[in-house]
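First the proteins, then the strands, lettered A, B, ... as listed; each starts at 1. As the structure is a prediction and not an experimental result, all values here were calculated from the model.
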Number of protein chains: 2
Amino acid sequence: MTRKGELLRQRIVAAADELFYQQGYENTSFNDIANAVEISCGNFYFHFKSKDEILKAVIDKRLENIKHMLVDWEQNYHKPIDKLLAYIDMLYSNQGNIKNHGCPIGVMCTELNKANHFMLSDAVEMHTLFKDWLTQQFELLGKGKEANQLSMHLLARAQGIASITHTFENTDFLKKEIKQLKEWLKDTIK
Amino acid sequence: MTRKGELLRQRIVAAADELFYQQGYENTSFNDIANAVEISCGNFYFHFKSKDEILKAVIDKRLENIKHMLVDWEQNYHKPIDKLLAYIDMLYSNQGNIKNHGCPIGVMCTELNKANHFMLSDAVEMHTLFKDWLTQQFELLGKGKEANQLSMHLLARAQGIASITHTFENTDFLKKEIKQLKEWLKDTIK
DNA sequence: GTCTATATCGAGATAGAC
DNA sequence: GTCTATCTCGATATAGAC
């Protein structure tokens with residue numbers, strides 16, 4: 001693959017990523033993506049064998065992004081509590097997108113689940129990356145066997161906040177919930 | 001409309017309701033519904049002008065179900081706290097469906113939102129019915145201006161629990177979360 | 001009221017010119 | 001590598017016989 005071809009491929013994946021988030025995977029046609037990248041519909045198949053392959057590239061990209069994010073948090077924060085707070089703050093900084101499109105992970109898992117899509121497990125892996133990392137932080141805080149349940153609790157709270165913020169298009173709710181979630185965290189780890 | 005025709009119409013709506021929940025609206029074709037009800041695909045259009053009209057009938061039916069449920073709870077429980085607990089217990093009794101298909105309301109709102117479907121607002125009304133009723137209970141408990149936020153908090157917790165239970169196909173998580181949610185409620189209203 | 005046959009449309013995907 | 005033209009398929013929807 002030449003440099004130019006590789007760059008176009010990345011642009012396709014980036015456009016697909018955004019469109020899948022905004023409109024969903026099935027509602028996004030090749031034409032939508034082709035228009036966004038300004039290529040012809042046929043050109044697509046030089047870079048990807050099928051629509052599923054684009055989805056795979058999008059999920060892989062998201063997984064890489066999450067891994068990088070976790071590495072960054074590892075480097076920037078040292079105390080487990082600060083790492084957990086970084087996760088919660090992600091909700092705050094993404095509030096605009098959440099209001100408009102929901103949680104990208106949750107929404108994609110829901111869609112692939114309904115469609116009984118074979119790539120569902122890859123999408124769930126996005127959740128698992130966060131879950132395992134959060135579990136680790138709770139373990140470092142001495143939560144032992146409870147750590148996994150606490151991690152999933154945090155995931156669920158985040159999903160719930162994203163879902164209701166999206167449905168009611170209400171970021172005030174999100175802000176208040178984030179405060180409460182931080183209080184819950186403080187009470188839980190002490 | 002004759003009695004027989006009306007009955008068939010109800011069977012169609014019931015089958016569509018179930019299939020929309022299990023597979024999603026867009027993934028469910030007329031053929032799927034026709035097979036379930038054992039009628040021909042053409043026969044459909046005698047009872048409904050379009051697929052959207054079936055969706056409308058399904059949403060209307062769900063709205064009616066929710067209203068009846070709330071009336072039942074009003075009749076069976078007298079203290080606001082018991083009414084709030086009835087809402088939480090609904091999660092417990094639906095755990096099997098939640099594990100397999102998620103929350104029917106949340107999942108439908110997500111799908112219609114992505115598809116930018118004009119009937120989204122009707123689906124959101126399902127959430128609003130619960131929200132307003134829960135708000136009322138918190139008001140009766142003297143929560144005043146906080147009542148709405150508490151109601152939305154409860155909705156969000158339920159959505160989050162349903163989402164994670166579904167994604168990880170884990171009802172143990174759901175059971176533990178329900179316990180915690182009841183404790184939160186107890187602490188909140190005292 | 002219910003059926004079969006068919007129209008229509010947009011999607012993913014392919015072929016082959018350039 | 002990128003394009004245009006085309007294929008195929010499944011979906012919603014319609015027409016008209018019975």
Side-chain angles (χ1 to χ4, degrees), chain A residues 1-59 108 111-112 114-120 122, chain B residues 1-59 108 111-112 114-120 122:
Chain A
M1 181 73 71
T2 67
R3 200 151 304 167
K4 188 181 166 196
E6 180 57 28
L7 269 176
L8 179 52
R9 194 190 140 95
Q10 283 170 16
R11 281 174 53 220
I12 292 172
V13 174
D17 189 3
E18 196 177 350
L19 286 166
F20 291 172
Y21 181 34
Q22 294 169 349
Q23 315 180 343
Y25 173 61
E26 299 194 278
N27 296 319
T28 302
S29 72
F30 273 154
N31 258 318
D32 292 336
I33 308 174
N35 288 337
V37 193
E38 291 183 308
I39 61 169
S40 78
C41 205
N43 188 356
F44 249 116
Y45 290 84
F46 176 78
H47 299 277
F48 300 92
K49 275 207 297 287
S50 67
K51 197 184 176 189
D52 281 344
E53 227 177 65
I54 301 183
L55 177 61
K56 176 156 180 41
V58 167
I59 294 178
M108 179 173 273
E111 181 176 4
L112 297 186
K114 287 292 148 195
N116 203 17
H117 196 287
F118 71 97
M119 240 172 258
L120 170 63
D122 298 75
Chain B
M1 179 76 72
T2 68
R3 200 150 304 171
K4 189 182 165 196
E6 181 56 27
L7 268 177
L8 178 51
R9 194 190 140 95
Q10 284 169 16
R11 281 173 54 219
I12 292 171
V13 174
D17 190 5
E18 196 177 350
L19 286 167
F20 291 171
Y21 182 34
Q22 294 169 347
Q23 314 181 342
Y25 172 62
E26 300 195 276
N27 295 318
T28 302
S29 71
F30 274 154
N31 257 320
D32 292 336
I33 308 175
N35 288 337
V37 194
E38 291 182 309
I39 61 170
S40 79
C41 205
N43 188 357
F44 250 115
Y45 290 83
F46 177 77
H47 298 278
F48 300 92
K49 274 206 299 287
S50 67
K51 197 184 175 189
D52 282 343
E53 224 176 68
I54 301 184
L55 177 60
K56 175 153 181 47
V58 167
I59 294 178
M108 179 172 274
E111 183 176 4
L112 298 186
K114 286 292 147 196
N116 204 15
H117 196 287
F118 72 98
M119 239 172 259
L120 170 62
D122 299 76

Checklist line | Atom-to-atom span, CZ of B/Arg9 to P of C/dG1 - whole angstrom | finding: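 Taking atom P of C/dG1 as the reference, CZ of B/Arg9 is at 13 Å.
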
Margin query: Could you tell me how far apart A/Phe44 (CZ) and C/dG12 (P) are, to the nearest whole angstrom?
Written below: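 So the CZ-P distance, A/Phe44 to C/dG12, works out to 9 Å.
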
Note to self: Would you say the ring centers of B/Tyr45 and B/Phe30 fall short of 6.0 Å from each other?
What the structure shows: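 Ring centroids of B/Tyr45 and B/Phe30 are less than 6.0 Å from each other.
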
Note to self: Between C1' on C/dG12 and CG on A/Leu55, what's the gap in Å once rounded to a whole number?
What the structure shows: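 After rounding, the gap between these two atoms is 14 Å.
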
Notebook entry, point to check: Going by number, which of residues 18-39 of chain B have a non-hydrogen atom under 4.0 Å from DNA chain D?
Noted result: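 Those residues whose heavy atoms fall under 4.0 Å from DNA chain D, taken from residues 18-39 of chain B in numerical order, are B/Thr28, B/Ser29, B/Phe30.
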
Next item on the list: Write down the distance between CZ (A/Phe48) and C1' (C/dT14), rounded to a whole number of angstrom.
Entry: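 These atoms are roughly 18 Å apart.
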
Margin query: Any non-hydrogen side-chain atom of A/Ile39 less than 4.5 Å from a side-chain atom of A/Arg11?
Written below: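 A/Ile39 does not reach A/Arg11 side chain to side chain.
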
Notebook entry, point to check: So, is A/Asn43 close to the D/dG1 phosphate, meaning a side-chain N or O under 4.0 Å from OP1 or OP2?
Noted result: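 Answer is no, no contact under 4.0 Å.
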
Next item on the list: Answer whether the closest heavy-atom distance between the side chains of B/Leu112 and B/Leu55 falls below 4.5 Å.
Entry: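 Yes. Closest side-chain heavy atoms under 4.5 Å.
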
Margin query: What is the distance, to the nearest angstrom, from the CZ atom on A/Phe46 to the P atom on D/dG1?
Written below: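 Interatomic distance, CZ of A/Phe46 to P of D/dG1: 5 Å.
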
Notebook entry, point to check: Hey, does the side chain of B/Tyr45 come within less than 4.0 Å of D/dT14's phosphate (OP1/OP2), counting only N and O?
Noted result: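 It does not, given that no N or O in the side chain of B/Tyr45 lies less than 4.0 Å from OP1 or OP2 of D/dT14.
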
Notebook entry, point to check: Do the non-hydrogen side-chain atoms of A/Phe20 and A/Ile59 ever get within less than 4.5 Å of each other?
Noted result: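 Not touching, per the 4.5 Å side-chain cut-off.
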
Next item on the list: Could you say whether A/Gly42 or B/Cys41 is positioned toward the 5' end of DNA chain C, judged by the nucleotide with the nearest heavy atom to each?
Entry: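 First, find each residue's nearest nucleotide; the 5'-ward one identifies B/Cys41.
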
Notebook entry, point to check: Heavy-atom distance under 4.5 Å between the side chains of A/Ile54 and A/Thr28, does that happen here?
Noted result: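 With C-beta onward as the side chain, the pair stays apart.
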
Margin query: For the residue pair B/Lys51 and B/Tyr25, would you count it as a cation-pi contact if the rule is NZ or CZ under 6.0 angstrom from the ring centre and within 45 degrees of the ring axis?
Written below: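 Geometry flag: set, cation within 6.0 Å and 45°.
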
Item checked: Distance in angstrom units between A/Ile12 CD1 and D/dG1 P, rounded ->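 Roughly 12 Å, once rounded to whole Å.
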
